Participant: 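One structure, pasted below without further comment.
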Amino acid sequence: MAQWYLDSAIGAGAPQPSRVMNTEPPLWGRLTTRNDTRVIPNRGAPRMVRSRWQRRIFIALLPFVAACGSSVRTQSLSVRPTTAGPVHATTAQQLPSPAIAQPAPVEDPVLTLIATSDGHFKAGQKELEQGHFEAAKQEFNRAVDVLLESPYGARTEPRIREHFDRLVDRISTYEVKALATGDGFAEKKYEPASIDELLALSTMFGTPPAPAELKNTVATDLLGAKHDIPIPLNQRVLSYIDLFQGRLHDFIEEGMKRGSKYLPMIQNVFRAEGLPLDLAYVPLVESAFKPNALSRVKAKGVWQFMAGTAAENGLRRDWYIDERSDPEKATVAAAKYLRTLSKLFKGDWHLALASYNGGPGRLQRAMNKQRIDDFWKLADKPKALPRETREYVPMILAAIVIARNPAQYGFDFEADAPHNYDKVTLPRPVDLRRVAEWTDRNIDEIQALNPELRRWTTPVKDTEYELKVPPGTGDVVLAKLADAPAVDLGSLKFYTVKRGDTLPLIARKMHVSKADLAEANDLRVSARVSAGQKLIVPHEPTVLMAARTDRPAPATEARATVSGSGQLAQAAANSNRVKSIYEVKRGDTLASVALRFKTSVASIKTWNPRIPGNRLTAGQRLTVYRLAN
């Protein structure tokens, strides 16, 4: 009979209950008596009487027999897995089969060892992504040490050997990337300024006439909200309000949300300087409140200062630091500059805003040439002012209207909390990656608190630099500063000038840019240097991410490993190697040099990160670490 169900316990090998099986064919219709094979003698009338009695008994029992037949049929189609009773008296009772114990799986120690090593490697990857280079180095070292210190060694078992070789190559790849990042002297990335994007979008989509009902809405809003800058209800302003609350809704909302953490600080500065508080919303158009915003004309920061204007208003800018990206210091400078422009244009804030964008000199020349002292009349003359300046003022005014009453124009967002931080005074330069490890934070978080730093290191000549760190970590950083040797705080490399040296010559010798070398030392490119002078070289450090990047074999089994696999046995630690310089000969390749010094191609590349590609040239000098013995 077909099985009608599949029990999961049965499928897993559990004891199976006995099934009720009907071996007789189902009884359809009337029951029939079985044939009687006995020979009955012919007794005449008495047989007829017996036959009559048999028929009467048969008729009387027929209903009961039919009921029994129906019951049998029903039982032949039903399955009761929980019932284990007999079907026929002659059938032996079926007992559940005893459970068979499955043997416990045997753990493969080699796979366990490889998994442990891989776990340390992945932990190192996570530390590296957060900028924790020292912690990453420790995890990578553990990943290698687990294999070296195991009873199997790193080379004797084929699976471990394959994992070890692959592990070393992966760590070497990360080393090269870390060296490319360098000692923190590579300049950080910047974001596009929103003013460029807004002008591009307004050019693409244009500023179509605003609907009539919008004018009524804005008029009602202006009656209820007192603005300290005049807001005209002209078509230019209304068109940008319509654009901002429609096609650019998400863009503007994101900027307002980001700016909410800076607005209290900006309003406090402007209030102290006696400036209109409406001006606090100017960065919504300029930069969308991004401290690292950089425009196509190299204006930078929340307030988008040009380098010259920033210097005029007291902002510091050098190779290490650019205070245009510091929201607090840039706001103080912006307040000073806006007050100057207000005085220059006799309190006309529309002209002052136009000059903030296009420059006061250009605006004054246009006013003198056109004999017009009204911005809106100047804006009606396309040749009088650049298009960017003509669109800038209505953009600012539209942003002010929306930012003062976001809900009225369909904006709904939760304000970001203001930045909280501790300030720590640094007596000497510190790598921000070290601070990130001390505070157990991501490097991006440390940079976000200090956006004025152009690189991953604080200024090397500053002895009282104030660094912002996450709240509650100031004492931790001070304690780490006191305990750490000066050499561990920053990856600095110095060069002592020799007689006959010049900046271009030193730059070529040290493989750095002449401009970077000069600026890192606060010198002009044409400056002269004198013998004995010490210069900071913004160069990649040669510290390895992992201390062990060769492919060693256990000392007790080194000979067997070399003969069996053809691999070179090497020392387990770098302490068995000494640094030397090898001059490349004609015909040399990376593989042949690695073979010569009993190391790997990956190690050669790690020791010489400036090798171009995989080709060597005769006369090229390579740093190698040869075996001491």
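If you're wondering where the values come from, they're calculated on a predicted model, not measured in any experiment.
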Participant: At what distance, to the nearest 0.5 angstrom, does NZ of K498 lie from CD1 of I506?
Facilitator: 8.5 Å

Participant: Do you know which two heavy atoms are closest between Q304 and S295, and how far apart they sit?
Facilitator: OE1-CB, 3.2 Å

Participant: Pick from R317, K468, K300, R316: which one makes a salt bridge (charged side-chain N to carboxylate O under 4.0 Å, His left out) with D326?
Facilitator: K468

Participant: Taking W319's backbone N and O only, do any of them form a donor-acceptor pair with R455's side chain (distance below 3.5 Å, no angle check)?
Facilitator: yes

Participant: Could you walk me through whether S117 and H163 pass the side-chain contact (heavy atoms from CB on, under 4.5 Å) check?
Facilitator: CA-CA 9 Å; S117 172; H163 171 74; 3.1 Å; yes

Participant: Could you give the distance from CD1 (I160) to CG (L167), rounded to the nearest 0.5 Å?
Facilitator: 12.0 Å

Participant: Tell me whether the count of non-hydrogen atoms from other residues, nucleotides or ligands lying under 6.0 Å of CG in D475 goes above 12.
Facilitator: no

Participant: Side-chain contact, heavy-atom cut-off 4.5 Å: Y320 with R454?
Facilitator: no

Participant: Rounded at 0.5 Å granularity, tell me how far CD in E254 sits from CG in L248.
Facilitator: 12.0 Å

Participant: Looking at every heavy atom in both L453 and P459, which two are closest together, and how far apart are they?
Facilitator: CD2-CD, 3.9 Å

Participant: Fit a plane to each ring of F289 and Y262, take the angle between them on a 0 to 90° scale, and name the class: parallel (under 30°), tilted (30 to 60°) or perpendicular (over 60°).
Facilitator: parallel

Participant: For side-chain contact (heavy atoms from CB on, under 4.5 Å), just list the numbers for T439 and V476, CA-CA rounded to whole Å, side-chain angles, deciding distance to a tenth of an Å, and then say yes or no.
Facilitator: CA-CA 7 Å; T439 59; V476 175; 5.6 Å; no

Participant: Quick check: do R159 and I114 have side-chain heavy atoms less than 4.5 Å from each other?
Facilitator: yes

Participant: Any luck finding a side-chain donor-acceptor pair between Y582 and D588 under 3.5 Å?
Facilitator: yes

Participant: Between T496 (side chain only) and G532 (backbone N and O only), is there a donor and an acceptor less than 3.5 Å apart?
Facilitator: no

Participant: Quick one: pull up OG1 in T589 and CG in L595 and give me the separation to the nearest 0.5 Å.
Facilitator: 9.0 Å

Participant: Are side-chain N/O atoms of W303 and T331 paired as donor and acceptor at under 3.5 Å?
Facilitator: yes

Participant: Which residue in the set V435, I443, I446 passes side chain to side chain contact (heavy atoms under 4.5 Å, CB included) when paired with W456?
Facilitator: I443

Participant: What are the two closest heavy atoms between G301 and S287, and how far apart are they?
Facilitator: O-CB, 3.5 Å

Participant: Go through the steps for K257 and D250 under the test salt bridge (charged side-chain N to carboxylate O under 4.0 Å, His left out), then give the verdict.
Facilitator: CA-CA 10 Å; K257 178 176 171 60; D250 293 348; over 6 Å; no

Participant: Is any side-chain heavy atom of T458 less than 4.5 Å from a side-chain heavy atom of D462?
Facilitator: no

Participant: Can V497 and S530 be said to form a side-chain contact (heavy atoms from CB on, under 4.5 Å), step by step?
Facilitator: CA-CA 7 Å; V497 179; S530 55; over 6 Å; no

Participant: Do L523 and L535 pass the side-chain contact (heavy atoms from CB on, under 4.5 Å) test, and can you show the C-alpha distance, the side-chain angles, and the key distance before you say yes or no?
Facilitator: CA-CA 10 Å; L523 298 171; L535 299 179; 4.1 Å; yes

Participant: Is there a donor-acceptor pair closer than 3.5 Å between any side-chain N or O of T425 and the backbone N or O of E466?
Facilitator: no

Participant: Answer whether the closest heavy-atom distance between the side chains of P451 and P327 falls below 4.5 Å.
Facilitator: yes

Participant: For I604, which of T599, T623, L616 qualifies under side chain to side chain contact (heavy atoms under 4.5 Å, CB included)?
Facilitator: T599

Participant: I need the minimum non-hydrogen distance between I611 and L622, along with the two atoms involved.
Facilitator: CD1-CD2, 4.0 Å

Participant: Are the side chains of V430 and Y465 in touch, meaning some heavy atoms are under 4.5 Å apart?
Facilitator: no

Participant: Could you walk me through whether E388 and R296 pass the salt bridge (charged side-chain N to carboxylate O under 4.0 Å, His left out) check?
Facilitator: CA-CA 13 Å; E388 178 178 328; R296 57 179 178 80; 3.2 Å; yes

Participant: Measuring only between side-chain heavy atoms, which start at C-beta, is K290 closer than 4.5 Å to V302?
Facilitator: no

Participant: Hey, are the side chains of H419 and L449 touching, using non-hydrogen atoms and a 4.5 Å cut-off?
Facilitator: yes

Participant: In Å and rounded to the nearest 0.5 Å, what is the NZ to CG distance from K261 to N420?
Facilitator: 12.0 Å

Participant: Please say which of R508, K509, R528 ends up in a salt bridge (charged side-chain N to carboxylate O under 4.0 Å, His left out) with D501.
Facilitator: K509

Participant: Looking at L517, is its backbone amide N or carbonyl O close enough to the side chain of N521 to form a donor-acceptor pair, meaning the two atoms are under 3.5 Å apart?
Facilitator: yes

Participant: Please report the closest heavy-atom contact between R142 and E139, naming both atoms and the distance.
Facilitator: NH1-OE2, 2.9 Å

Participant: Is a side-chain donor or acceptor of T502 paired with a backbone partner of L505 at a separation under 3.5 angstrom?
Facilitator: yes

Participant: Would you call E437-R433 a salt bridge at under 4.0 Å N-O?
Facilitator: no

Participant: Determine whether Y190 and K298 make a side-chain contact, defined as any pair of heavy atoms from C-beta on separated by less than 4.5 Å.
Facilitator: no

Participant: Measure the CG-CG distance between L294 and D322 for me, rounded to the nearest 0.5 Å.
Facilitator: 9.5 Å

Participant: Might you point out which heavy atoms bring F305 and A310 nearest each other, and give the distance in Å?
Facilitator: CB-CB, 4.0 Å

